[in-house]
Amino acid sequence: WRVPRPVPAQACEAEWVCGASMIVRKQVFKDIGLLDEGYYTYYEDVDFCFNARKAGWPIWYVPASRVMHLGGQTTGISDKSPNRQPPYSFDARRRYFLKNYGPIFAALADAGLILGLMLWRLRVLLGKTDSTPPYFLLDSIRHSVFLTGFKVRDVQNPILASKNSLAQKLPAEAR
């Protein structure tokens, strides 16, 4: 029942590696460019590795490299603090699938996630301990391509978005 694959003991090729610990050759940036600034957080590293692999660059996981990544620091979500998943995580997921695989695949990915979560909710009703963040199924539906559309959009930084909306509320002379 384990979803994540075990961490390999030896260096090996991977589909993607976490952006918290990447060493990238300068030529990769020359070939594919920088990380996509359309992401606020989440999926930017997956997207970067996808584009690197598409350009012929291998992605390697090297267990001898030791970096401490304190997961959940951006969102406050961790095993000890199961907060609601922020909207930008769903937006980043949607952007990744639409940008790299197109609308049909994005719809299938969202349908698969929603169906899987519905089945999980059924298992929870039958007594399984719930390990999903609060409102995860509802938020997955709300942020799916079925309700938000198939246009590739930038993922908004919530702090900048709130500052921009606050600035727009100020009188013109105060801006």
Side-chain angles (χ1 to χ4, degrees), residues 1-10 12-22 35-54 58-61 63 67-159 161:
W1 295 108
R2 186 181 164 107
V3 175
R5 295 169 59 188
V7 177
Q10 302 293 321
C12 60
E13 278 201 62
E15 291 293 311
W16 65 277
V17 292
C18 178
S21 178
M22 280 187 184
L35 276 76
D36 182 347
E37 291 186 22
Y39 294 96
Y40 159 59
T41 188
Y42 290 116
Y43 284 88
E44 72 283 0
D45 45 9
V46 181
D47 182 73
F48 184 80
C49 291
F50 176 85
N51 289 314
R53 280 193 355 266
K54 202 164 62 172
I59 309 299
W60 280 81
Y61 169 74
V67 174
M68 176 65 73
H69 178 233
L70 301 175
Q73 298 304 299
T74 301
T75 62
I77 296 173
S78 68
D79 291 340
K80 293 177 180 65
S81 174
N83 295 328
R84 190 172 187 171
Q85 194 81 14
Y88 52 81
S89 68
F90 296 99
D91 296 343
R93 180 182 182 278
R94 186 180 61 247
R95 177 182 177 79
Y96 173 76
F97 283 117
L98 284 170
K99 174 185 168 193
N100 294 304
Y101 296 102
I104 293 171
F105 192 96
L108 289 171
D110 279 355
L113 175 65
I114 292 165
L115 180 61
L117 288 170
M118 290 171 120
L119 291 172
W120 179 254
R121 296 299 319 151
L122 180 61
R123 289 187 69 194
V124 168
L125 290 173
L126 297 173
K128 186 82 172 165
T129 303
D130 191 7
S131 59
T132 57
Y135 304 101
F136 195 62
L137 172 58
L138 178 64
D139 289 340
S140 296
I141 295 168
R142 182 179 299 144
H143 293 280
S144 71
V145 293
F146 306 114
L147 297 182
T148 60
F150 293 91
K151 182 180 177 193
V152 177
R153 296 182 183 92
D154 285 354
V155 179
Q156 297 301 310
N157 177 330
I159 295 170

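Only this structure's heavy atoms are used, side chains among them; waters, hydrogens and symmetry mates stay out.
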Given E44 and V155, is the side chain to side chain contact (heavy atoms under 4.5 Å, CB included) satisfied, shown in steps?
CA-CA 10 Å; E44 72 283 0; V155 179; over 6 Å; no

Considering non-hydrogen atoms only, spot the tightest contact between Y88 and P158 and give its length.
CE2-CG, 3.5 Å

Least distance between heavy atoms, V17 atom then C49 atom:
N-SG, 3.6 Å

For D45, side-chain contact (heavy atoms from CB on, under 4.5 Å) partners two or more places apart
W16, C18, M22

For residues A92 and T41, report the shortest heavy-atom separation together with the two atoms involved.
CB-O, 3.6 Å

Cationic tip of R95 within the cone over Y39's six-membered ring, i.e. under 6.0 Å and within 45° of the normal?
yes

Hey, mind stepping through F136 and F90 against ring pair (Phe, Tyr, Trp, His ring centres under 6.0 Å) and telling me if it holds?
CA-CA 10 Å; F136 195 62; F90 296 99; 5.6 Å; yes

Heavy atoms only: give me the nearest P8-Y61 pair and the separation to one decimal.
O-CE2, 3.6 Å

In Å and rounded to the nearest 0.5 Å, what is the CG to NE2 distance from L113 to H143?
12.0 Å

Of F105, F150, F50, the one forming a ring pair (Phe, Tyr, Trp, His ring centres under 6.0 Å) with F97 is F105

Taking only residues two or more places apart in sequence or in another chain, which ones pass salt bridge (Lys or Arg N to Asp or Glu O under 4.0 Å) with R53?
E15

Taking N100 for the side chain and Y96 for the main chain, is one N or O donor matched with an acceptor at less than 3.5 Å?
yes

Of all heavy-atom pairs between R84 and Y135, which one has the smallest distance, and what is that distance?
NE-CB, 3.6 Å

Here the gap from L147 atom CG to R94 atom CZ, rounded to the nearest 0.5 Å, amounts to 10.0 Å

side-chain contact (heavy atoms from CB on, under 4.5 Å) filter on R121, not counting sequence neighbours, yields V124, D130, T132, L137

Here the gap from D91 atom CG to T148 atom OG1, rounded to the nearest 0.5 Å, amounts to 7.5 Å

Sidechain-backbone polar pair: D110 side chain, S144 backbone, donor-acceptor under 3.5 Å
no

Within-4.5 Å side-chain heavy-atom neighbours: P87 and D139
no

Looking only at heavy atoms, the pair that brings G149 and L98 closest together is O-CD1, 4.2 Å

Atom CZ of F146: over 12 foreign heavy atoms under 6.0 Å
yes

Between CG of L35 and CG of N51, what distance do you get to the nearest 0.5 Å?
9.5 Å

Using a 6.0 Å cut-off, check whether atom CD1 of I104 has over 12 heavy atoms from anything other than its own residue.
no

Should the heavy atoms of other residues, nucleotides or ligands under 6.0 Å from CD of E13 be counted, would the total exceed 12?
yes

Atom OH in Y42, atom CZ in R93: separation rounded to 0.5 Å?
13.5 Å

